[in-house]
Amino acid sequence: MTELMPAEGVFSLIWLLIALPLAGAIVLLFGGRRTNSWGPYLGVLTVSASAVLGVLMLLGLLDRPAEERTVEQTLFTWVFVGDFQADMAFQLDQLSMVFVLLITIVGALIHVYSLGYMAHDPDRRKFFGYLNLFVAAMLLLVLANNYLLVYVGWEGVGLASFLLIGFWQAKPSAAAAAKKAFIINRVGDVGLSLAIMLMFVTFGSVSFDDVFRSTSEASEGTLTAIGLLLLLAAAGKSAQFPLQAWLLDAMEGPTPVSALIHAATMVTAGVYLIVRSNAIYNAAVWAATAVVIVGLITIFMGAIIGSAKDDIKKSLAGSTMSQIGYMIFAAGLGPIGYVFAIFHLLTHGVFKAGLFLGAGSVMHGMNDNVNMRRYGALKGLMVITFITFMAGYLAIIGIPPFSGFWSKDEIIHAAFERNAFIGIATILAAGITGFYMTRMIAMTFFGKPRWEEGVHPHESPAVMTIPLIILALGSTFMGMALLFWGNIESWLEPVTGFASEPTPLPTMFYIGVTLVVVIIGAVIGWITYGVKPVPIDPPHGSWLTRAARKDLYGDAVNDVLVVQPSLATARYLSWFDDKGIDGFVNGIARWVGLLANTLRRTQSGLVRSYALSMVGGVFVVVLALLLVRMN
Amino acid sequence: MNTGTFNPPEIDYLAIAPILIIFGTAVLSVLVEAFVGRTARRPVQLVLVIGSLLVALYFVISQAGTRTITANGALVIDGPALVLWGALLVLSLLGAMLMAERTLDPSGDVFAARAAALPGSEDERQFTQRGWVQTEVWPLFLFSVSGMLMFVAANDLLLMFVALEVMSLPLYLLAGMARRRRLLSQESALKYFLLGAFSSAFFLYGASLLYGFSGTVSLPGIAEAISAKPSQGPLLILGMALLVVGLLFKVGAVPFHQWTPDVYQGAPSAVTGFMAATVKIAAFGALLRVMYVAFGGIRWDWEPMLWVIAILTMFVGSIVALVQTDIKRMLAYSSIAQSGFIMLGVIAASAEGLSASLFYLIAYGFGTIGAFAVISMVRQSGGEATSLSAWAGLGRTSPVIGAVFAVFMLSLAGIPLTSGFVAKFGVFAAAIESGDTWLVIAAVVASIIAAFFYVRVIVLMYFSAPAKEPAVVAVPSAFTTIALAAGVTVTVVLGIIPQPLLELVANADVFLR
């Protein structure tokens with residue numbers, strides 16, 4: 001383990017990374033209408049300033065030798081009760097650094113994009129306030145040096161996500177989606193809070209440093225329990241099986257929110273949590289295996305759902321689930337996978353943000369229609385959107401040299417290092433990715449126009465296309481840059497550890513097979529949706545399509561397993577509360593009231609009776625003393 | 001042959017400076033009444049009162065850490081005495097602010113224009129019309145404060161008795177001087193005086209029996225006598241019983257409590273606030289000293305007796321408060337219940353018990369004086385609106401005052417983030433540590449009952465439709481505002497960061513013997 005370095009120089013400003021967007025949120029949310037005119041620009045400014053600060057810190061870290069890149073800044077003791085101590089303290093290391101850059105840079109681009117996208121919304125000040133709040137909470141989450149502070153950030157991003165999904169709360173569907181996201185996330189949050197308590201009981205501390213140093217002192221059973229609880233937390237936040245159902249509904253929020261929170265950053269918090277806790281998973285094999293299984297199931301669920309949805313954002317949301325499934329899966333592989341989980345997280349954060357913003361740009365030109373069956377032939381009308389979207393498309397399906405190729409290929413390779421079966425599964429899923437993404441671009445940009453009447457597609461303004469272009473450049477070059485120039489493996493290695501195992505066949509073989517499978521998937525997608533005409537009314541479809549359209553019955557399962565039993569229990573408890581507890585309590589209250597009315601009569605207002613009661617009191621006192629004496 | 005040479009006692013004048021300053025100013029204040037012109041009297045008196053309290057407070061603070069016994073062992077200046085002095089002086093200052101208020105009542109002062117005038121008579125009408133005010137309240141006030149200071153530092157029973165009377169007699173008078181509802185006020189004063197005299201007799205009788213038992217009136221002397229005589233006779237038991245009765249009367253313990261509601265209701269709210277806060281502190285200070293110093297050796301004898309009294313006090317106070325319709329009477333019963341809780345600290349008979357009791361007294365004092373400040377501001381057709389029904393909807397019509405009063409209620413109920421919670425936690429913890437678990441369980445049950453009537457006021461203020469004749473909040477002058485602000489600030493700050501005061505009282509957890 002590397003030493004914690006004191007926060008000097010530029011690192012003494014770590015707190016400012018969080019404080020800037022937080023201050024922005026406070027000004028915007030409490031400033032009222034006065035800030036309407038300049039508020040959104042302030043929002044953009046604070047996040048951009050954090051991004052600049054983040055880049056300066058990256059340069060600062062690069063200046064140092066690898067073992068001195070963990071910087072700790074303690075502001076004050078935050079909670080100090082009995083044996084329990086948690087500090088308001090931050091830890092900036094290689095892992096948090098990449099997150100800081102992802103959050104602030106992508107966050108800043110999406111803030112800029114929102115200036116255009118939300119230009120006509122009457123509540124856009126509030127929107128930017130919430131976005132700033134989100135950025136602050138997310139930075140707190142990745143910069144905290146202890147789990148309790150992580151929990152604060154964790155809840156903070158959950159709150160911001162809730163507020164932003166329900167931003168158009170006048171729509172019942174948006175309000176319901178916000179509640180759904182919040183409630184399902186609570187299930188995961190319980191996992192995190194229990195994990196924190198268990199850590200405190202086991203290690204006597206919740207700071208990263210203390211916990212990771214003393215994993216060898218805990219039994220494997222305890223570590224497995226902590227690992228599984230953390231996995232539950234990660235599944236909630238990152239929309240992994242079995243807590244995946246909220247992410248598709250979360251697309252009710254404005255598209256920049258879907259890009260920032262529900263694609264690039266917040267939903268990857270689960271991956272961060274697991275990778276950060278690598279010391280625990282390394283010592284708890286079963287917990288790590290559970291992580292692999294959860295990731296693998298979600299890869300396929302997301303991909304299948306993404307293949308069936310006609311709503312462009314929901315299709316992308318399915319894809320997000322699937323891609324995060326890859327990351328969780330990689331994180332479960334242990335030291336051979338942690339680095340690549342983060343690598344894929346970074347490339348995905350950029351290309352998926354680009355895809356979402358591209359989808360938003362398309363919607364912007366199509367009067368906010370999200371149904372891909374009413375799109376078609378947009379490539380000539382929205383040239384910039386089309387080209388940038390294609391960069392994202394090539395990146396996500398993993399065509400060299402686009403960024404997704406490098407990161408996904410590493411995960412697939414790592415899977416084969418562990419086990420051929422899971423390796424084959426990941427290649428299959430990559431093929432499905434090729435299918436649904438090709439379906440998406442074919443339905444949107446190619447074929448014949450199937451537009452609704454009165455729709456005049458047009459390119460979006462520059463304030464929206466410039467972020468698209470920047471993200472498209474990232475989707476194209478970032479994978480190579482991180483791998484060859486940034487040396488992502490050796491950069492992260494001090495935090496996450498890194499190992500490599502031999503595979504039975506040469507690396508090129510796996511790359512070749514993967515590419516072939518992806519191209520087969522893409523060709524099937526092209527033949528089905530690009531060559532044949534796309535019907536405006538969705539066809540009946542196979543049973544799998546129908547199931548996927550219903551989110552693979554995720555809601556139905558929740559309803560039968562959780563919602564109905566909860567409601568029944570609630571009804572019973574309510575009955576018991578009314579009859580049993582209230583009856584008991586009210587009965588006592590009646591007796592006390594009766595007693596009070598009797599006692600108050602002794603307060604007659606007559607001095608003589610008061611004096612008499614004092615004499616009585618004297619007898620009580622004397623009697624009590626004498627009784628004690630006699631014993 | 002006994003030449004009867006007189007040996008003047010050695011007196012550490014610096015150590016007892018606070019008492020001397022207040023006492024001297026009181027005498028000066030009498031002279032002011034005699035020689036200063038009518039119009040100038042009030043400002044001069046106010047300057048004297050506030051100035052002397054501040055100077056005395058300075059002397060208390062400047063000798064923090066002093067531990068000495070002086071005046072032939074009659075006065076002791078130790079940690080608890082200094083803490084109690086500080087609390088008494090600060091709360092007296094706030095009490096003086098309330099008594100000095102003149103803008104709340106349309107007819108001016110809090111006190112009757114001439115106390116001697118018959119209520120409702122032509123004389124009274126004329127005095128009021130001429131705008132006369134009484135400034136005699138200020139010397140009375142200062143005498144009472146000096147008595148309190150002496151009471152908590154008295155190390156022998158005789159001086160304690162003198163202090164008790166110096167403290168109480170002016171209070172009897174002050175209670176009878178309300179400008180409005182004067183009959184009620186005068187009746188309460190007379191009751192207070194009669195019962196007070198009755199209880200003083202018990203105290204004095206107890207002191208003489210103890211002298212008979214030990215041959216001394218000094219507290220350490222009695223303790224010595226107790227440990228020296230293996231078979232302690234009925235003199236000790238009876239003497240202790242009667243002495244304790246005198247003190248329990250002052251703290252308002254059941255069944256010696258019945259003066260409390262009548263006096264709290266009848267006295268002017270400013271005086272009620274002042275005495276509710278300070279007399280409780282002074283009386284508990286003396287009770288703690290007597291029980292710890294003189295009778296500490298036979299705590300097994302008196303603890304069961306105090307158990308009975310404490311349980312009675314907590315429950316009768318809490319239960320009867322439930323059915324009160326007058327807010328001042330409700331707070332009177334609340335103060336009775338609070339006495340029961342503080343008794344847990346006495347019963348604990350430990351260093352923790354002592355320091356927890358001190359904390360409780362301070363927290364309670366600030367909360368109470370603030371609550372009465374609010375009561376003096378909530379008015380209806382000229383007078384105070386003490387009927388609870390008039391308070392309905394007050395939280396919505398006057399959000400600030402409603403919120404402030406809610407803070408005091410929550411603190412008295414012992415809700416976290418207020419001083420009341422830390423205070424209750426402290427005495428409960430001390431009692432459990434001393435093995436009085438069942439007593440604490442009873443206390444928790446009593447707190448639950450008590451929480452009901454505190455919270456009921458909040459419900460009434462915020463969730464009820466305004467009354468037909470709603471009370472209005474009068475705008476006070478700086479005097480009441482300062483007292484109120486101090487009360488609410490201390491209540492909240494002690495709830496959030498109690499550590500400094502906890503450390504202070506932890507350093508004052510032993511009586512000097």
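Naming convention: chains lettered A, B, ... in sequence-line order (proteins, then strands); numbering from 1 in each chain.
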Asks: Under 4.5 Å from any heavy atom of chain A, what part of Phe452(B) do you find: side chain, backbone, both or neither?
Replies: neither

Asks: Is Leu242(B) close to chain A through its backbone or its side chain, or both, or neither, when contacts mean heavy atoms under 4.5 Å?
Replies: side chain

Asks: Find out whether Met305(B) and Val628(A) are in side-chain contact, i.e. whether some heavy atom of one side chain is under 4.5 Å from a heavy atom of the other.
Replies: no

Asks: Please classify the contact between Glu187(B) and chain A as side chain, backbone, both or neither, with a heavy-atom cut-off of under 4.5 Å.
Replies: side chain

Asks: If I compare all heavy atoms of Gly593(A) with all of Val323(B), which pair ends up nearest, and what's the gap?
Replies: O-CG1, 4.5 Å

Asks: Could you tell me the separation between the CZ atom of Arg600(A) and the OG1 atom of Thr325(B), rounded to the nearest 0.5 Å?
Replies: 6.0 Å

Asks: Can any side-chain N or O of Lys191(B) pair as donor or acceptor with the backbone N or O of Gly605(A) at less than 3.5 Å?
Replies: yes

Asks: Return the set of residues passing salt bridge (Lys or Arg N to Asp or Glu O under 4.0 Å) with Glu72(A) (not counting sequence neighbours), or none when no residue passes.
Replies: none

Asks: Who wins among Val592(A), Thr598(A), Ile588(A), Leu606(A) for the most heavy-atom pairs under 4.5 Å with chain B?
Replies: Val592(A)

Asks: What are the two closest heavy atoms between Ala241(B) and Leu625(A), and how far apart are they?
Replies: CB-CD1, 3.7 Å

Asks: Does Tyr610(A) reach the side chain of Leu194(B), with side-chain heavy atoms less than 4.5 Å apart?
Replies: no

Asks: Under 4.5 Å between any side-chain heavy atoms of Val621(A) and Phe256(B), yes or no?
Replies: yes

Asks: Pick one of side chain, backbone, both or neither for Ser604(A), based on which atoms fall under 4.5 Å of a heavy atom in chain B.
Replies: neither

Asks: Suppose we screen for side-chain hydrogen bond (donor to acceptor under 3.5 Å, both in side chains). Which residues come up paired with Ser387(B), at least two apart in sequence or across chains?
Replies: Ser389(B)

Asks: Check Gly617(A) against Pro255(B) and note the closest heavy-atom contact, atom names and distance.
Replies: CA-CG, 3.3 Å

Asks: Examine whether an atom of Trp300(B) lies under 4.5 Å from a heavy atom of chain A, and if so say whether it belongs to the side chain, the backbone or both; otherwise answer neither.
Replies: backbone

Asks: For the interface with chain B, which of Asn597(A), Leu627(A), Val618(A) has the highest count of heavy-atom pairs at distances below 4.5 Å?
Replies: Val618(A)

Asks: Is it true that atom OH of Tyr205(B) has more than 12 heavy atoms of other residues, nucleotides or ligands lying nearer than 6.0 Å?
Replies: no

Asks: Output yes when a side-chain donor or acceptor of Gln603(A) lies under 3.5 Å from a complementary backbone atom of Gln258(B), and no otherwise.
Replies: yes

Asks: Relative to chain A, which segment of Ser318(B) carries a heavy atom at a distance below 4.5 Å: side chain, backbone, both, or neither?
Replies: neither

